[in-house]
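See structure below.
When a ligand or atom number is given, it counts from 1 through the structure's own listing order. Atom set for the values below is all heavy atoms of this structure, side chains included, hydrogens, waters and symmetry mates excluded.
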Amino acid sequence: MNHNTREIDVAVIGGGPAGVAAAIAARENGAENVAVFERDREAGGILRQCIHPGFGLHTFGEELTGPEYMERFIKRAHEAGVEFSLNTMVFQMDEPLAENGGKTASFWTMNPDRGVERVKAKALVLAMGCRERPAGALGIAGDRPAGVYTAGTAQRFVNMEGFMPGTKAVIMGTGDIGLIMARRMMLEGAEVVAVFEIMPWVSGLRRNIAQCLDDFGIPYYLRHSVCELHGRERLEGVSVVEMDENRRPIEGSRKFIGCDTLLLAVGLIPENELSKMAGVKLDAMTNGPEVNEFLQTSAECVFAAGNVVVVYDLVDFVSEEGAKAGKSAALYALGKLSDGGREFRIETDSRIRIISPQKLTGGQDVTLYLRVGEPVEGKCELYAEHGLFSKTLRYARPGEMNEITLSAEKLQRLPADIKSIKIGLEVS
Ligand SMILES: Cc1cc2nc3c(=O)[nH]c(=O)nc-3n(C[C@H](O)[C@H](O)[C@H](O)COP(=O)(O)OP(=O)(O)OC[C@H]3O[C@@H](n4cnc5c(N)ncnc54)[C@H](O)[C@@H]3O)c2cc1C
């Protein structure tokens with residue numbers, strides 16, 4: 001195959017909040033050629049379609065919409081000299097090449113003007129974000145009529161393309177995108193009949209329940225699921241059933257609800273097909289790359305940040321982690337990244353479902369992001385063993401992330417035979 005090969009210092013795949021922050025930090029930390037490869041027509045990632053406010057409180061101290069938040073970062077990236085390669089799909093990744101006494105990342109891009117190109121980069125940041133769990137993954141009975149969308153697809157239709165997906169909607173799942181779309185559908189003149197959640201708790205942020213459902217009088221039902229779609233060409237309604245504690249349908253609880261649209265907000269899956277091709281080790285719980293405090297994956301020249309690593313609840317943290325990954329990638333490309341020399345595995349107790357990073361070297365202070373598996377409604381103690389961290393929480397809920405900060409200095413002071421650090425939650 002005829003192709004050009006480009007050689008750059010730091011390549012970033014994905015132009016969302018994580019990727020743009022990574023590219024800025026890479027330039028600010030000395031990398032000469034930094035390029036972002038983005039398959040969409042503009043940078044900004046999912047935030048381009050998030051036209052509601054609520055972004056940036058942590059970073060800028062003011063409430064911005066998604067596009068406003070991203071505009072600030074994209075402007076900074078242009079000022080810093082980051083190159084954006086838009087309309088460019090990365091479709092193939094090689095395992096890192098052993099070149100010039102180190103490792104080099106190598107991948108393949110497709111662009112309508114330039115065709116297929118190969119890119120070789122001294123360091124690479126994976127920032128491909130996540131995708132939504134689709135209808136096909138749920139096994140709902142019935143025909144496959146039009147009118148069933150993931151909430152994010154509907155969000156793009158309404159907020160970016162100017163199409164309404166329907167007039168009377170049911171929402172399945174209490175993920176944040178579904179809650180935000182419930183409000184958006186109401187604001188655009190549709191009726192939202194109800195939101196159904198299979199679990200006994202909501203999976204989104206409490207503030208979204210208050211602002212998107214309660215304020216608009218939209219009822220939500222826990223322990224309920226859509227079990228059948230009705231309609232052949234177009235959705236005419238759904239059957240909903242109540243679940244018992246073992247998530248089995250309760251006999252006699254099934255009811256029909258008329259609607260022409262079903263929006264699914266039933267989970268996000270980190271987008272890691274490219275990571276697998278690069279031979280990067282994935283974590284079974286997060287479904288993202290296993291990383292250390294430098295956001296370095298098991299392939300030493302490959303770093304990762306944002307929702308590709310773990311699904312975050314606030315974009316501000318995505319940008320912060322993106323900046324860390326970009327800095328680490330730049331230092332690696334310049335041959336200046338030195339780890340702390342220790343090898344700690346992060347272990348968790350049974351209350352914690354996911355955590356990232358999963359391994360530490362004691363090379364720099366680190367924030368661990370974690371989610372619990374089930375809600376704890378009441379005082380509890382989040383801790384890291386060996387006296388590294390302790391914090392009293394008023395509650396812990398699966399929809400809201402918790403953070404633990406560990407100091408590199410304390411990690412380095414631990415006896416040499418300590419190889420793991422347990423993170424846990426004690427309920428009083
Ligand atoms: C539908 C949806 C709606 C959301 N709404 C909200 C919200 O309202 N509020 C909130 O706080 N969070 C929301 N989130 C979470 C949000 O994704 C994160 O806060 C944040 O956008 C994650 O940033 P990221 O850079 O990791 O990923 P993304 O923003 O998803 O960016 C990833 C980028 O990578 C690009 N990409 C992926 N694969 C390739 C490839 N092979 N080649 C080239 N480019 C590629 C994508 O096109 C995309 O631009 C939403 C998520 C989704 C999926």
Side-chain angles (χ1 to χ4, degrees), residues 11-23 35-59 63-67 69-70 73-74 84-93 107-111 119 125-134 149-160 175-181 183-184 204-205 207-208 211-212 263-265 267-275 277 288 295 304-323 325-326 399-401:
V12 178
I13 305 180
V20 175
V36 174
F37 296 86
E38 168 56 54
R39 64 185 168 191
D40 214 334
R41 57 186 184 244
E42 281 174 77
I46 288 297
L47 258 52
R48 293 172 61 228
Q49 66 186 56
C50 298
I51 62 170
H52 52 278
F55 298 89
L57 263 177
H58 192 77
T59 311
E63 231 187 337
L64 304 171
T65 63
Y69 179 91
M70 275 319 292
F73 277 91
I74 293 168
F84 283 89
S85 200
L86 303 174
N87 285 317
T88 305
M89 177 83 185
V90 178
F91 66 94
Q92 173 78 38
M93 181 84 80
F107 59 88
W108 299 77
T109 65
M110 170 92 74
N111 171 284
V119 180
V125 180
L126 303 171
M128 293 89 71
C130 56
R131 60 170 181 260
E132 295 173 284
R133 183 164 290 125
Y149 305 95
T150 61
T153 303
Q155 192 177 49
R156 183 161 179 131
F157 279 167
V158 177
N159 294 353
M160 287 180 69
D176 287 313
I177 313 164
L179 303 179
I180 280 162
M181 276 314 289
R183 174 175 65 183
R184 174 61 52 195
L205 297 173
R207 78 165 190 211
N208 282 336
Q211 294 172 1
C212 302
L263 301 188
L264 305 170
L268 298 169
I269 306 163
E271 182 83 60
N272 276 297
E273 275 58 37
L274 294 175
S275 321
M277 290 185 207
L295 296 165
N307 280 5
V308 81
V309 176
V310 59
V311 176
Y312 288 85
D313 58 352
L314 284 182
V315 73
D316 306 69
F317 298 137
V318 171
S319 300
E320 280 175 23
E321 294 299 291
E400 297 174 31
M401 274 188 139

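Looking only at distances, no side-chain donor or acceptor of Asp313 sits under 3.5 Å from a matching main-chain atom of Glu400. The backbone N or O of Asp176 sits nowhere less than 3.5 Å from a side-chain atom of Asn208 that would complete a donor-acceptor pair. Looking at Ser319, its side chain never comes within 3.5 Å of a backbone N or O of Phe317 through a donor-acceptor pair.
Between Phe157 and Tyr149, the ring-plane angle classifies as perpendicular under the 30° and 60° cut-offs.
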Check each N or O atom of ligand 1 against all protein N or O atoms and list the pairs under 3.5 Å, with atom names and distances to 0.1 Å, one per line.
residue, atom, partner, partner atom, Å
ligand 1, 8 (O), His52, NE2, 2.6
ligand 1, 17 (O), Asn307, ND2, 3.0
ligand 1, 25 (O), Pro17, N, 3.2
ligand 1, 25 (O), Ala18, N, 2.9
ligand 1, 26 (O), Asn307, N, 2.8
ligand 1, 29 (O), Ile46, N, 3.0
ligand 1, 41 (N), Val90, O, 3.0
ligand 1, 42 (N), Val90, N, 3.0
ligand 1, 44 (N), Arg39, N, 3.1
ligand 1, 47 (O), Glu38, OE2, 2.7
ligand 1, 47 (O), Arg39, NE, 2.9
ligand 1, 49 (O), Glu38, OE1, 2.6
ligand 1, 49 (O), Glu38, OE2, 3.1

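Of the residues Val310, Val311, Leu314, the one that meets the side-chain contact (heavy atoms from CB on, under 4.5 Å) test with Met401 is Val310.
Tyr312 is linked by a ring-ring contact (aromatic ring centres under 6.0 Å, His included) to Tyr369, counting only residues two or more places apart in sequence or in another chain.
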